[in-house]
S.K.: 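My questions will all concern the structure given below.
Because only heavy atoms are used, hydrogens play no part in the values below, and waters and symmetry mates are left out as well, while side chains stay in.
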2 protein chains.
Amino acid sequence: MGSASNGRKIPEPTLARLHRYQVVLRKLCRAHETTVSSERLGDEAGTDAALVRKDFSYFGCVGQRGVGYEVEGLLAALQGTLGPSEPRPLVIIGAGPLGTALAGYAGFEMLGYELVGIFDSNPARVGHHLRGIRVRHTNELPAAVVGTGVQLAILAVPAARAQEAADQCGQAGLRGLLSFAPVHVKAPPGVKVRQMDVSGELEILNYQLKCGMTAGPLPFGTNSTG
Amino acid sequence: MGSASNGRKIPEPTLARLHRYQVVLRKLCRAHETTVSSERLGDEAGTDAALVRKDFSYFGCVGQRGVGYEVEGLLAALQGTLGPSEPRPLVIIGAGPLGTALAGYAGFEMLGYELVGIFDSNPARVGHHLRGIRVRHTNELPAAVVGTGVQLAILAVPAARAQEAADQCGQAGLRGLLSFAPVHVKAPPGVKVRQMDVSGELEILNYQLKCGMTAGPLPFGTNSTG
DNA sequence: CTTTGTGAAATTTTTCACAGCG
DNA sequence: CGCTGTGAAAAATTTCACAAAG
């Protein structure tokens with residue numbers, strides 16, 4: 001058991017699941033459940049019991065053998081790994097429909113984020129208020145970064161502006177970008193970019209529907225040399 | 001070349017990239033470029049030349065050695081693999097801010113999708129028009145599925161309603177769901193579900209910022225027994 | 001000479017299986 | 001017993017390296 005909690009390299013797929021466990025655990029917490037087994041957790045989070053345990057092994061084990069995991073303890077451990085207890089500032093770039101919808105998303109607070117700014121390069125949008133926050137011009141971003149220490153931004157701008165906006169974010173000192181633009185954005189130096197590709201996901205879904213997921217045994221057979 | 005174009009099992013990561021190549025190719029097409037190398041394509045799509053070639057090998061090779069890929073031919077091949085040439089119907093479930101923003105997303109048409117319906121279980125929202133489409137009550141969904149042959153839906157409902165809505169979609173006869181809810185949705189029988197987890201992505205970004213991508217050695221030291 | 005197509009190696013991630021603790 | 005923690009096996013994916021084609 002020695003290797004747990006070394007806290008070194010958590011695989012990305014694990015990170016993606018860690019957040020889902022958190023969501024499930026919060027629900028269990030509200031339902032006043034005290035313990036949960038890896039099987040139940042896997043079931044509710046859409047993964048597998050073994051994978052749940054493996055995932056937890058990356059950041060320290062909090063389970064009791066024969067019983068399961070203590071819901072609160074596990075939640076605390078997860079929050080310690082994923083996010084700090086203090087709210088993390090966050091800005092949204094782009095005050096179009098998507099930026100507006102995201103600004104209205106109440107879930108950020110629950111997750112420990114605090115929306116501290118909304119920026120748009122279109123002067124016509126500057127000055128409007130979304131969720132009590134005044135939309136500022138993009139050229140005010142650097143000052144806001146310095147002022148709030150914000151590191152993360154959601155990029156909700158049209159494809160044509162995405163790279164430009166990402167570069168501005170990088171220059172302003174932001175460190176992480178979550179882009180909704182349906183184009184690949186090259187990461188500015190020192191910036192980590194993740195893409196949220198709606199249309200790409202639709203295409204995958206569509207393809208998988210087209211072939212391969214008709215209920216029943218998979219009709220694989222065409223096994224050429226490969 | 002023998003094994004290519006069997007068209008059977010394309011890995012999911014490849015599918016995700018295929019769409020990005022499509023985006024780049026369309027751009028090149030507009031710029032009247034006739035050929036493109038795997039290196040260039042990889043660069044613009046955010047992957048690697050070797051991976052580009054490997055990806056294409058799954059669905060047939062269209063490249064000319066020494067030259068590259070014919071932009072139009074490749075685009076046609078991709079569109080043939082990913083989506084059909086006729087528009088695919090699509091519905092949005094949930095007419096809240098996110099559903100509204102998505103309804104306004106002009107990119108769907110470009111990708112060959114046609115938004116044929118918006119549904120909401122809240123009677124207060126029924127009757128409004130988004131992008132020229134009347135919001136209908138969720139209980140009209142089954143009829144719409146039969147009428148349009150739609151298979152895909154985007155789920156833009158609150159977490160608390162997500163599972164319920166997914167089940168309704170399944171019963172209505174939909175086959176693929178793209179969910180924006182920040183909870184895991186169990187796939188109803190015969191339905192393929194993909195999740196678009198905004199907060200999860202933010203958490204990953206935040207974690208990767210916290211540790212691992214500061215240039216230089218990681219400042220971990222706490223190496224407990226576990 | 002350039003660039004593709006592709007086996008084979010390397011790497012990453014998941015699944016398995018079971019020892020060990022409560 | 002039941003359930004966790006974890007090495008080892010398996011599977012999936014990416015990277016490498018190079019032969020073959022234009």
S.K.: Do Gln171(B) and Asp167(B) meet the criterion of a side-chain donor-acceptor pair at a distance under 3.5 Å?
M.R.: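 Their side chains do not contain a donor-acceptor pair, so the 3.5 Å distance test is not met.
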S.K.: Nearest-nucleotide wise, let me know which of Ala50(A) and Gly66(A) is further upstream toward the 5' end of DNA chain D.
M.R.: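 Per heavy-atom nearest nucleotide, the more 5' residue is Gly66(A).
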S.K.: Would you jot down, in residue-number order, the residues of residues 39-49 of chain A having a non-hydrogen atom under 4.0 Å from DNA chain D?
M.R.: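 Nothing qualifies; none.
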S.K.: Within this structure, what is the NZ-to-C1' distance between Lys54(B) and dG7(C), rounded to whole angstrom?
M.R.: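 Atom NZ in Lys54(B) sits about 7 Å away from atom C1' in dG7(C).
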S.K.: Given atom CD1 of Ile10(A) and atom P of dT14(C), what is their separation to the nearest angstrom?
M.R.: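 Atom CD1 in Ile10(A) sits about 13 Å away from atom P in dT14(C).
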S.K.: Test side chain to side chain contact (heavy atoms under 4.5 Å, CB included) on Ile154(B) and Phe108(B) and set out the steps.
M.R.: CA-CA 12 Å; Ile154(B) 296 182; Phe108(B) 291 138; 3.7 Å; yes
S.K.: Respond yes when some side-chain nitrogen or oxygen of Ser37(B) is under 4.0 Å from OP1 or OP2 of dT3(C), and no when none is.
M.R.: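 Negative; the distance criterion is not met.
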S.K.: So which nucleotide from dT14(D), dT4(C), dG22(D) ends up closest to the side chain of Arg53(B)?
M.R.: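 Given the options dT14(D), dT4(C), dG22(D), the side chain of Arg53(B) is closest to dT4(C).
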S.K.: Just the rounded figure in Å: distance from C1' of dT13(C) to CG of Leu51(A).
M.R.: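 The distance from CG of Leu51(A) to C1' of dT13(C) comes to 8 Å, rounded to the nearest Å.
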S.K.: Report the residue from Val193(B), Leu174(B), Ile93(B) that forms a side-chain contact (heavy atoms from CB on, under 4.5 Å) with Leu155(B).
M.R.: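 With Leu155(B) as partner, Val193(B), Leu174(B), Ile93(B) yield a single side-chain contact (heavy atoms from CB on, under 4.5 Å), made by Ile93(B).
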S.K.: What's the closest nucleotide to the side chain of Pro13(A) if the choices are dT14(C), dG5(D), dT13(D)?
M.R.: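 It is dT14(C).
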S.K.: Please test Val23(A) against His184(B) for side chain to side chain contact (heavy atoms under 4.5 Å, CB included), starting from the C-alpha separation and ending with a verdict.
M.R.: CA-CA 9 Å; Val23(A) 173; His184(B) 171 70; over 6 Å; no
S.K.: Take atom CD of Glu12(A) and atom P of dT13(C), then tell me their distance rounded to the nearest Å.
M.R.: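 After rounding, the gap between these two atoms is 8 Å.
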S.K.: Rounding to an integer number of Å, can you tell me how far Asp55(B) CG sits from dG5(C) P?
M.R.: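 These atoms are roughly 12 Å apart.
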S.K.: Determine whether any donor atom in the side chain of Arg65(B) lies under 3.5 Å from an acceptor atom in the base of dT4(C), or the reverse, and answer yes or no.
M.R.: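 Pair found.
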S.K.: Given Tyr58(B) and Leu18(B), is the side chain to side chain contact (heavy atoms under 4.5 Å, CB included) satisfied, shown in steps?
M.R.: CA-CA 11 Å; Tyr58(B) 286 111; Leu18(B) 246 35; over 6 Å; no
S.K.: Which pair of heavy atoms, one from Ser38(A) and one from Val52(A), lies closest together, and at what distance?
M.R.: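 Minimum heavy-atom separation between Ser38(A) and Val52(A): O-CG2, 3.8 Å.
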S.K.: Rounded to whole Å, please give me the gap between CG in Leu18(A) and C1' in dT13(C).
M.R.: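 That distance rounds to 15 Å.
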S.K.: With a 4.0 Å cut-off on N to O distance, would you call Arg88(B) and Glu203(A) a salt bridge?
M.R.: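 Between Glu203(A) and Arg88(B) there is a salt bridge, with a charged N closer than 4.0 Å to a carboxylate O.
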S.K.: Name the nucleic acid region contacted by Val62(B), choosing base, sugar-phosphate or nothing; use a 4.0 angstrom heavy-atom cut-off, strictly under.
M.R.: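 Sugar-phosphate: the residue Val62(B), judged by heavy atoms under 4.0 Å, touches backbone atoms but no base.
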S.K.: Out of dT15(D), dT4(C), dT13(D), which nucleotide sits closest to the side chain of Tyr69(B)?
M.R.: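 Among the listed nucleotides, the one closest to the side chain of Tyr69(B) is dT4(C).
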